[in-house]
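Notes for the one structure printed next.
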Amino acid sequence: TKIGREIAVAVKEGGGNPASNSKLAALIAKAKANSVPNDNIQRIIKRAEGGDKTEYEAITYEGYGPGGIAVMVETLTDNRNRTAANMRHYFDKFGGNLGQMGCVGFMFGTGGGALIAKTMGERKQDKANEIFTLIITVSALCGVVLAVLGFFLLRPVAEFMGAEGELLEQSIIYGRIILIALPFYILQFEFQCLFATAEKPKLGLYVTVASGVANMILDALLVGVIPLGVTGAAAATAISEFIGGVIPLLYFARKNDSRLRLVKFKFDVKALLKTCTNGSSEFMSNVSMSIVSMLYNMQLMKYAGADGVAAYGVLMYVSMIFQAIFIGFAVGTAPIVGFNFGAQNTAELKGLLSKSLRIIGVCAVFMFAAGELFARPLGKLFVGYDDELLEMTVHAFSIFSFSFLFSGFSIYGSSFFTALNDGLTSAMISFLRTLVFQLAAVLLFPLIWELDGIWLSIVGAEVMSITATVLFLIGKRKRYGY
């Protein structure tokens, strides 16, 4: 039982004497209140003292419920990988997600970066700075509004998801501390795109590293050294997000040697709407991810159970690393595309597209080869504790790796049209790739190939996506002159 496992962990941490182990004493009282016989309690204690081979560990997961409300879940497990897979499955099933925020900032960052780069290409530097300041201001205000809503909705959402007693109160403490930093978290995502537009991409890297290192140090300090528990963990995360958002603000607020700085501005509805439409594809990708993950997890539970969800989790971890290369390249080249589009330099635009597609092609081949060669070592790294799960993961990798041959082109195609300020086409590519093709494939392919059909559906969706991207590039060629 859950109480029995908690007692076993308490014994291993502080000994089997309740007189000197307050946690054990509290759990014994809890067990008796739940009508657990004393003989059973003593048997659990003796088994734990006698070196029970089963090792349980307590893990706290940070997730977000419907509406982006922060939720903390405490677990006790003897298999952290399978628990992580199950957590992801249940968050997705009920409309939440596990540790995924910032899509508003990413939308403003990519959409605004495209408009700013185009404006600079048109030699309107003052206007570019005004649009830059407008975007930063509006996104920060959005963060404030979302944080305030979160404060009011946090308790009812946590109660709806089953939190009660001490867990409910701790969740609220954690969530409210995190929500304080939400405006800065949105700014942090946004500035990662806008640093590239300002021709200072290295500063974006330095800020990201500083924020991450601060989080690690503060976690160790506020949880390990100063035992503040949940409050310390939340404060560490919030402070790191504050650092990631404030450092860029201070940099752009003063005179600097970048292409952008914060200035006085007039509210420009047209520019704001253009920013949102430009960045709608990135926003769609983030929203679609939760829907698609939910359906994949449902299909995997049907055809392979928890092991299938765990294997899928490994594929997604590796995919995030590989796809980050394509996304980073697309975000880094977008300001150059936007600038040359604004300057009407069609020859340079054509050269950029041609070179970019060749670079992506070379990277795609290397990623595919890496996925096939390192499937087993990567599988052992994540699920080496279970031979059956390992074989399933390695087999899934051998199929899934084919998706790397195609995904980069669609990612770049969507970003390319965003940079051209054609938000509708960019959103169409993103919508088809991340939602329509994925949903169609994962529903139909398993009917033919069962579990292999789920792994093939990822590849099939990317093949359909690259086809749509090529058609859009050909169809828009005369309009944009590339």
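Just the heavy atoms: all of them, side chains too, but no hydrogens, waters or symmetry mates, feed the values below. One-based numbering along the sequence shown.
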Run L249 and I136 through side-chain contact (heavy atoms from CB on, under 4.5 Å) and show every step you take. CA-CA 9 Å; L249 273 179; I136 297 301; 3.8 Å; yes

Near Y303 OH, under 6.0 Å, is it more than 12 heavy atoms from other residues, nucleotides or ligands? yes

Those residues at least two apart in sequence (or on a different chain) that pass salt bridge (Lys or Arg N to Asp or Glu O under 4.0 Å) with K274 are none

Set of residues satisfying side-chain hydrogen bond (donor to acceptor under 3.5 Å, both in side chains) with respect to Q344, sequence neighbours excluded: none

Please step through ring-ring contact (aromatic ring centres under 6.0 Å, His included) for the pair Y482 and F416, ending with a clear verdict. CA-CA 11 Å; Y482 52 75; F416 183 74; 5.3 Å; yes

Side-chain heavy-atom pair Y185, I178 within 4.5 angstrom cut-off: no

Show which side-chain atoms of residues 210-220 pair as donor or acceptor with protein atoms under 3.5 Å away, not counting sequence neighbours.
from : atom 1 : to   : atom 2 : distance (Å)
S211 : OG     : Q188 : NE2    : 3.4
S211 : OG     : S240 : O      : 2.8

Scanning both residues in full, the closest heavy-atom pair of V459 with F406 reads CG1-CE1, 4.4 Å

Can you confirm if the aromatic rings of F191 and F252 lie within a centre distance of less than 6.0 Å? yes

Pairs under 3.5 angstrom only: tabulate donor-acceptor contacts from the side chains of residues 350-360 to other protein residues two or more places apart or in another chain.
from : atom 1 : to   : atom 2 : distance (Å)
S354 : OG     : R358 : NH1    : 2.8
S356 : OG     : L352 : O      : 2.7
S356 : OG     : Y412 : OH     : 3.1

To the nearest 0.5 Å, what is the distance between CG on L179 and OH on Y174? 10.5 Å

Determine whether S258 and E199 satisfy the following criterion, side chain to side chain donor-acceptor pair (under 3.5 Å), listing intermediate values before the conclusion. CA-CA 6 Å; S258 77; E199 298 183 0; over 6 Å; no

Got K200 and Y251 here, is their nearest side-chain heavy-atom distance under 4.5 Å? yes

So, do F400 and Y312 have ring centers that fall under 6.0 Å from each other? no

State, with a plain yes or no, whether a side-chain heavy atom of T393 is found less than 4.5 Å away from one of R376. no

Run the side-chain contact (heavy atoms from CB on, under 4.5 Å) check on L424 and T277 step by step: do they pass? CA-CA 7 Å; L424 179 60; T277 54; over 6 Å; no

Does the side chain of F402 come within less than 4.5 Å of V463's, by heavy atoms? no

Gap separating the CG atom of D307 from the CG atom of D386, nearest 0.5 angstrom: 5.5 Å

Answer whether the closest heavy-atom distance between the side chains of I116 and L260 falls below 4.5 Å. yes

Answer yes if the side chains of S403 and E462 hold a donor-acceptor pair under 3.5 Å, and no otherwise. no

Tell me whether T469 contacts the main-chain N or O of S465 through its side chain, where contact means a donor paired with an acceptor under 3.5 Å. yes

To the nearest 0.5 Å, atom SG of C363 lies from atom CZ of F368 at 15.5 Å

State, with a plain yes or no, whether a side-chain heavy atom of T197 is found less than 4.5 Å away from one of F339. no

Under 3.5 Å, is there a donor-acceptor pair between the S457 and Q438 side chains? no

Kindly give the heavy-atom pair with the smallest separation between S401 and E372, and that separation in Å. CB-OE2, 3.3 Å

Is there a side-chain contact between L405 and I466, using heavy atoms and a 4.5 Å cut-off? no

Could you verify whether a donor N or O on one side chain and an acceptor N or O on the other, from T346 and Y480, lie under 3.5 Å apart? no

If you compare all heavy atoms of A334 against all heavy atoms of A419, which two are closest, and at what distance to 0.1 Å? O-CB, 3.4 Å

Heavy-atom closest pair, residues G244 and V207: O-CG1, 3.6 Å

Can you tell me how far apart CG (L134) and CG (L272) are? Round to the nearest 0.5 Å. 5.5 Å

Quiz: residues 439-456 side-chain donor-acceptor pairs under 3.5 angstrom, not counting sequence neighbours:
from : atom 1 : to   : atom 2 : distance (Å)
D452 : OD1    : H395 : NE2    : 2.8
D452 : OD2    : H395 : NE2    : 3.4

Output the distance between atom CD1 (I239) and atom CD1 (I180), rounded to the nearest 0.5 Å. 10.5 Å

So, taking the atom named CD1 in I247 and the one named OG1 in T208, what distance separates them when rounded to the nearest 0.5 Å? 10.0 Å

Could you tell me if S430 and S414 have a donor-acceptor pair between their side chains, going purely by distance under 3.5 Å? no

Output a table of donor-acceptor pairs, distance under 3.5 Å, between side-chain atoms of residues 318-330 and any protein atom two or more places apart or on a different chain; print 'none' if there are none.
from : atom 1 : to   : atom 2 : distance (Å)
Q323 : OE1    : S407 : OG     : 3.2
Q323 : NE2    : S407 : OG     : 3.4

A311 and M392 have their tightest heavy-atom pair at CB-SD, 4.1 Å

Please test L187 against S139 for side-chain contact (heavy atoms from CB on, under 4.5 Å), starting from the C-alpha separation and ending with a verdict. CA-CA 7 Å; L187 287 176; S139 59; 3.7 Å; yes

I'd like to check F404 versus F366 (side-chain heavy atoms, cut-off strictly below 4.5 Å). Are they in contact? no

Heavy-atom pair of closest approach, residues E190 and I135: OE2-CG2, 2.9 Å

Applying side-chain contact (heavy atoms from CB on, under 4.5 Å) to T425 and T418, what does each step give before you reach the verdict? CA-CA 8 Å; T425 302; T418 295; over 6 Å; no

